[in-house]
Amino acid sequence: MHIQVAIIGAGPAGLLLARVLELAGIETAVLERRTPDYLRQRIRAGLLEQGTVDFLSEVGVAARLKRERLIHQGVKLAFGGKRVRIDLEGLAGRAVSIYGQAEIQKDLMDAHAGAGTTIIYEAQDVSLHGLTDSTPRVRYRQNGLTHEMACDFIAGCDGFHGVSRQAIPQEVISTYERVYPFAWLGLLSDTRPVNDELIYVNHERGFALCTMRSRTRSRYYLQVSAHEDIEDWSDDRFWTELKRRLPRDAARGLETGPSIEKSIAPLRSFVAEPLRYGRLFLAGDAAHIVPPTGAKGLNLAVADVRYLSRALIAYYRSGRTDLTDAYSETCLARVWKAQRFSWWMTNLTHRFPEASPFERRAQAAELAYLEGSRAAQTVLAENYVGLPLSE
Ligand SMILES: Cc1cc2nc3c(=O)[nH]c(=O)nc-3n(C[C@H](O)[C@H](O)[C@H](O)COP(=O)(O)OP(=O)(O)OC[C@H]3O[C@@H](n4cnc5c(N)ncnc54)[C@H](O)[C@@H]3O)c2cc1C
């Protein structure tokens with residue numbers, strides 16, 4: 001079997017890339033180790049930059065998103081008994097959209113099912129071969145049989161724990177990493193959101209975030225220790241702790257209910273460079289991870305796909321290699337700015353266990369500066385709504 005582009009991973013990056021390439025007449029096959037049901041139910045991100053919405057719209061997978069999303073023109077920060085609203089629309093000229101990643105996953109899967117894209121689910125032991133040859137190969141097992149697929153290019157869209165990045169020899173890849181000394185405990189519930197915008201809370205007991213997936217479905221997060229056990233967190237304990245960290249009026253208005261999902265995610269900043277090795281290109285979480293504080297992970301994955309699809313389409317339409325050659329550098333320039341912002345937002349809003357009294361006072365001063373400075377709020381807003389993509 002020979003196809004033009006083999007895509008490893010059917011998360012948002014892999015499925016979106018397949019969609020753009022298929023629309024351009026480029027033949028793809030997607031290999032995914034999980035089942036479709038698992039992918040449809042995976043709860044993750046929920047905040048989309050306008051650039052992400054525009055791109056999903058361009059490739060015809062945003063009809064439901066545009067009907068069901070919530071548009072947020074601002075975001076709130078609560079600290080030291082105060083609340084500051086960052087006017088995203090007023091300061092940066094753009095709003096953000098709330099729409100769950102699981103919904104995007106479903107929309108992409110439905111579009112592919114309609115178009116007849118080759119997606120091989122439950123592909124086991126995927127391995128990559130001949131990456132610097134003109135015809136690299138992907139091998140996998142399914143139903144006890146080993147299959148091999150030859151292709152022109154491989155797109156590694158298989159997330160942080162995937163095999164694609166691991167297939168690049170150690171001596172040609174550099175990694176940059178910051179592991180944070182805490183995690184996020186998330187709870188999803190069919191309850192009315194406590195506020196019509198997101199609230200980021202910096203509290204002495206730790207960070208909290210009030211976010212949502214719809215007008216009737218809320219997502220809340222608590223900063224917890226990196227070694228916390230989910231079994232120790234009953235719903236009651238979660239709600240009690242959240243109320244302690246929220247501003248008083250929000251705590252009073254908080255609607256609680258049984259959790260639909262509860263999970264703990266460690267926080268990490270990570271970048272692998274370069275994003276290309278021979279005929280393999282990395283995109284999305286396979287190449288970089290951000291702490292979710294800045295809501296950038298999914299948006300970065302979509303931006304990578306935008307650059308990569310443009311480069312591959314230019315190659316197939318006119319034999320151009322300048323865009324594939326520039327892919328890594330072009331993506332990384334924007335990835336590092338999002339890394340900086342996500343790291344900064346995390347430092348601003350979380351309580352670091354090892355912070356010295358000096359560092360705590362400096363953090364409080366930074367929040368106070370943000371409260372009083374339109375310039376500081378504009379910097380936050382500009383990054384939060386998403387930096388422009390280079391042409
Ligand atoms: C628990 C959690 C919570 C998050 N919350 C937020 C948030 O609130 N806001 C935000 O912006 N971002 C958040 N993120 C980040 C965001 O969800 C990711 O950035 C986004 O999913 C990246 O998409 P992707 O397609 O690159 O990778 P993924 O979504 O990870 O998709 C990779 C796919 O590859 C498949 N795969 C892996 N290994 C193999 C293999 N060997 N063979 C075949 N297939 C393989 C996986 O099953 C998966 O389907 C969160 C991430 C996690 C893990």
Side-chain angles (χ1 to χ4, degrees), residues 6-19 29-49 52 96-102 104-105 108-109 119-128 138-142 154-167 183-186 188 198 200 209-213 219-221 230 261-270 272 275 281-305 308 331 335 338-339 341-342 345-346 384 386:
I7 299 173
I8 319 297
L15 289 188
L16 184 59
L17 181 64
R19 172 76 182 170
V30 185
L31 292 174
E32 165 61 49
R33 69 174 172 181
R34 301 283 192 181
T35 63
D37 282 351
Y38 179 92
L39 299 184
R40 283 173 181 273
Q41 281 159 27
R42 193 162 51 187
I43 304 297
R44 285 189 176 175
L47 188 145
L48 308 181
E49 297 170 359
T52 298
V96 292
S97 294
I98 300 296
Y99 188 72
Q101 181 171 326
I104 294 181
Q105 181 81 35
L108 283 164
M109 288 171 73
I119 304 180
I120 300 160
Y121 292 103
E122 298 181 78
Q124 303 304 315
D125 300 336
V126 173
S127 58
L128 284 52
V138 177
R139 213 171 283 154
Y140 64 98
R141 260 187 341 100
Q142 199 186 35
I154 301 174
C157 302
D158 48 351
F160 184 68
H161 300 288
V163 291
S164 301
R165 192 179 66 252
Q166 314 297 339
W184 276 20
L185 167 63
L188 187 74
L198 270 64
Y200 287 80
L209 172 62
C210 306
T211 177
M212 64 199 75
R213 293 294 178 264
R219 180 76 163 157
Y220 295 105
Y221 292 103
I230 191 79
E261 191 263 3
K262 210 160 41 184
S263 53
I264 294 184
L267 263 65
R268 184 194 301 271
S269 299
F270 175 88
L275 305 187
F281 297 90
L282 301 178
D285 277 16
H288 40 73
I289 295 282
V290 283
T293 327
K296 292 282 165 251
L298 175 59
N299 291 298
L300 279 181
V302 170
D304 288 357
V305 168
L308 182 54
C331 277
V335 163
Q339 285 287 353
F341 175 66
S342 304
M345 272 288 277
T346 306
Y384 199 84

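Just the heavy atoms: all of them, side chains too, but no hydrogens, waters or symmetry mates, feed the values below. First listed ligand is number 1; within each ligand, the first listed atom is number 1.
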- request: Search all heavy atoms of Ala338 against all heavy atoms of Val290 and return the closest pair with its distance.
  value: O-CG1, 4.3 Å
query: If you look at every heavy atom in Met109 and Tyr121, which pair is closest and at what distance?
result: CE-OH, 3.5 Å
- request: Measure across Leu300 and Val335 and return the closest heavy-atom pair with its distance rounded to 0.1 Å.
  value: CD2-CA, 4.1 Å
message: With a 3.5 Å distance limit and no angle check, can you tell me whether Lys296 reaches the backbone of Tyr384 through a side-chain donor-acceptor pair?
response: yes
For a distance cut-off of 3.5 Å, show me each N or O of ligand 1 paired with any protein N or O, plus the separation.
residue	atom	partner	partner atom	Å
ligand 1	11 (O)	Gly297	N	3.3
ligand 1	17 (O)	Gln101	OE1	2.7
ligand 1	19 (O)	Asp285	OD1	2.7
ligand 1	19 (O)	Asp285	OD2	3.3
ligand 1	19 (O)	Gly297	O	3.3
ligand 1	19 (O)	Leu298	N	3.4
ligand 1	21 (O)	Arg44	NH1	3.2
ligand 1	21 (O)	Gln101	NE2	2.8
ligand 1	25 (O)	Pro12	N	3.3
ligand 1	25 (O)	Ala13	N	2.9
ligand 1	26 (O)	Asp285	N	2.9
ligand 1	29 (O)	Arg44	NH1	2.9
ligand 1	30 (O)	Arg44	NH1	2.9
ligand 1	44 (N)	Arg33	N	3.3
ligand 1	47 (O)	Glu32	OE2	2.7
ligand 1	49 (O)	Glu32	OE1	2.7
ligand 1	49 (O)	Glu32	OE2	3.3
ligand 1	49 (O)	Arg42	NH1	3.3
ligand 1	49 (O)	Arg42	NH2	2.9

message: Checking the side chain of Gln105 only, and the main-chain atoms of Ala10 only, is there a donor and an acceptor separated by less than 3.5 Å?
response: yes
message: With a 3.5 Å distance limit and no angle check, can you tell me whether Asp304 reaches the backbone of Asp285 through a side-chain donor-acceptor pair?
response: no
